[in-house]
Amino acid sequence: MSHHIKELQVLSPSPPSSSSSRPPSFLSLSLCLREAMRPTLPALLFFAFASLYLFASFSLHLSRTTQLIQHFPIASDDININYAIFHNDNHHPQLPATHRALHVSSIIINHSAISTVSILFPDWELLVVVSPHTPISAANDTYVCLFQNNDTSPVRFSKTLPFSNRTTLTCPMPKSVKHLRPIYQPVLERSEEKDARAPGPGSPELIRWNFLVYESISTENDVVVFVKGLNHRQGVNRPPSEFRCVFGDSDKNSLKTAVTSSTQEVFRCQHPNLMELEDTIYYNEQQQQQQQQERRRQDVTKFKISLEIVDGHVVLPSVAYYTRPRPRTRLTTTQTTSSKPDPDHDVCACTMVYNVAKFLREWVIYHSKIGVDYFILYDNDSDDNLESVVLGLQQEGYNITTLFWVWPKTQEAGFSHSAIYAKHLCKWVLYIDVDEFVFAPYSWAHSAQPSKHMIKSWLPEHNNRENNNKYVAVGQVTIKCNDFGPSNRKTHPAEGVTQGYTCRRRFEQRHKSMVLLDAVDYSLLNVIHHFEMKKGYRSRKLSMEEGVVNHYKYQAWPEFRTKFRRRVSAYVVDWTQALNPKSKDRTPGLGFEPVEPKGWADMFCEVRDERLKMLTQRWFGSPTSNNGGCRMLWQS
């Protein structure tokens, strides 16, 4: 190089004699530079290899971009805003910067793949929600979840979400995927397929169950939206002004309305202007293919609904859909515009269930005979034979319906939902669990047969509030609970819990309620089976002589240990979490693992109480030849 510099000095013109001299010509400079950069053999090799490397890198990038364009088309009819939220339990959700105010439609992995959205549930289980426009059948095919590292896991068909008509499936997350970041939503593929492309960069990230708009229901006057991840602590609720309801799929075809109530996981907001929303969606659909237009028009009564955090314009991921409010019932000639049709039933019972098939017949038959007209079960994704038991009860003439409610730790929200859903069905609703039985120890003790009037005798005869508000009507009847122990049982009693568990704790624990739905507060606030009342209504407490709940809480260990799966309340820590060891929600003497404590069969036995056992034997039992035994009506 020094040799070339010397030559450059020789070839260069002599420096100008003064500052006003003309600069060297372009031709002379070109000659100088060409001579200075005359390549040597090493330089030629270096430039050759560098050129090949740059060309190969550019080709690879172009190939990947083309594949993404071909294999990741946007599915305009599926779930939007799909991103993962990794959550600090003590603070608000931490949103990645790139996800703020972001609307991203679901991505289909290839043209033959199934359009889905996946949500990460507790215990590394995935809920896969399938688009209603995608035919899928457990009878014809088997499926697997394909993850980003090409690992797979088996799929279990679950049930259909009742309010959005979407099929759901579950699959476990493979151990090899748990450490990956980010975790992409898996591809749902048929087992026989071998050419499906695993998710990767550009795919939607996994949604977390604890930051999600998961359900909605419309009333005549507003919309109720159910949301995880905003009001974290019981009794501490963020102001409604911090949020807005968002109707539609994206910024181009969405409308927003004010939130009027924010309590627990329940948010209420105003209805959108349907004509404006439909016109907006229809206009944008003119830019899409004819097939997509037809799909939208067929489902024009359902729009995506989500919630926006006003500060930051963060729209929560959502699998919920808005439906039009039910039309008002046509009035008869004797009704006024202010009157409402009476509910179909005087007393209903509502509960949230998981794998209670073996207990259900006893619970339904008993309560039906004492006056419960209708049963509503919120099924938290049971995988026993619950459906067949329900079908059998229906065929026997019992009024019972099941709503698939897959969402974890949402008991309070489920009961709030029921207060809207059941309002046209039920005047009063009894909120108890399937291991709880109500009875009146004194007034029913000598009854030869049960009566439909029994439970209704606890309700007020005249419940109309006076105009001067001096009389406060009864809107809720509360019933205290006795908690029964294992009663030296090692297994589930075949004749039923009322017969098998007869030893309890001495003092009552908590209470359950029967609620007048017209008296429920606008917020729909409820805690441990009782509701906040509207102004002008009060609760009436029954004495232990008038009525009591036998709560068969601490059963034989094989039954009790199933509780370790998960607590249903949003604000009660799970059994396996080492928190609040002295809470009343904990079991005395029980640790944080599903390990049977020593002497479990004899625990919680302070008072021998066979009152309901003897009463149900008289009502429902048939003598057998087995040492004076008794066969109960609910035994199959």
Side-chain angles (χ1 to χ4, degrees), residues 60-61 63-87 93-100 102-131 134 136 143-156 166-191 193-214 228-229 249-250 306 314-319:
L60 180 61
H61 173 75
S63 172
R64 287 179 175 174
T65 303
T66 304
Q67 289 177 1
L68 287 175
I69 293 173
Q70 290 176 347
H71 295 292
F72 291 83
I74 299 299
S76 62
D77 63 332
D78 206 44
I79 313 298
N80 70 326
I81 333 171
N82 293 338
Y83 48 79
I85 300 297
F86 291 91
H87 189 273
Q94 300 172 347
L95 300 180
T98 55
H99 292 147
R100 295 187 180 275
L102 185 65
H103 294 261
V104 182
S105 294
S106 289
I107 295 175
I108 303 177
I109 300 304
N110 56 47
H111 293 298
S112 62
I114 301 164
S115 180
T116 64
V117 61
S118 297
I119 305 162
L120 180 59
F121 271 20
D123 302 321
W124 299 99
E125 181 183 57
L126 271 66
L127 178 74
V128 182
V129 183
V130 182
S131 167
T134 305
I136 184 171
Y143 299 84
V144 295
C145 286
L146 173 64
F147 292 85
Q148 60 207 70
N149 62 349
N150 287 308
D151 204 348
T152 61
S153 66
V155 161
R156 175 180 69 87
R166 280 161 165 73
T167 301
T168 63
L169 313 95
T170 62
C171 62
M173 180 178 288
K175 186 176 180 180
S176 63
V177 180
K178 295 178 181 179
H179 71 281
L180 301 177
R181 293 295 182 274
I183 302 178
Y184 299 115
Q185 296 186 31
V187 178
L188 182 64
E189 67 167 356
R190 294 171 178 84
S191 300
E193 289 183 356
K194 303 299 181 184
D195 58 346
R197 189 178 299 275
S203 301
E205 294 182 22
L206 206 54
I207 298 174
R208 295 292 292 270
W209 70 277
N210 53 6
F211 190 71
L212 176 71
V213 178
Y214 56 90
K228 276 280 185 189
D249 287 350
S250 66
S306 188
V314 176
V315 180
L316 274 72
S318 174
V319 290

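The backbone N or O of Cys145 sits nowhere less than 3.5 Å from a side-chain atom of Thr152 that would complete a donor-acceptor pair. Put simply, the side chain of Asn149 gets close to the backbone of Asp151: a donor and an acceptor are under 3.5 Å apart. No donor-acceptor pair closer than 3.5 Å links the side chain of Ser153 to the backbone N or O of Met173. Side chain of Gln148 to main chain of Tyr184: a donor-acceptor pair is present (N/O by atom type, distance under 3.5 Å, no hydrogens or angles). Under the 3.5 Å distance criterion, the side-chain polar atoms of Glu205 are left unmatched by any main-chain donor or acceptor of Ile183.
At a threshold of 4.5 Å between non-hydrogen side-chain atoms, the residues Leu206 and Pro186 count as touching. Inter-residue side-chain proximity for Trp124 and Pro172 is flagged as unmet; no heavy-atom pair is nearer than 4.5 Å. The shortest distance between side-chain heavy atoms of Ser118 and Ile207 does not fall below 4.5 Å. Side-chain contact between Thr168 and Val130 is absent, with no heavy atoms from C-beta onward closer than 4.5 Å. Counting heavy atoms from C-beta on, the side chains of Val155 and Leu188 come closer than 4.5 Å. Between Pro199 and Phe147, every side-chain heavy-atom pair lies at or beyond the 4.5 Å cut-off.
In this structure, Gly229 and Phe211 approach most closely via the heavy-atom pair O-CD1, 4.1 Å.
Here the options are Leu169, Leu120, Val117, Thr170, the test is side chain to side chain contact (heavy atoms under 4.5 Å, CB included), and the partner is Leu127; only Thr170 passes.
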Could you please spell out the steps behind the side-chain contact (heavy atoms from CB on, under 4.5 Å) verdict for Tyr214 and Lys228? CA-CA 8 Å; Tyr214 56 90; Lys228 276 280 185 189; 3.6 Å; yes

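Rounding to the nearest 0.5 Å places CD of Glu125 at 11.5 Å from CD1 of Ile119.
Other residues, nucleotides and ligands contribute over 12 non-hydrogen atoms within 6.0 Å of the NZ atom of Lys178.
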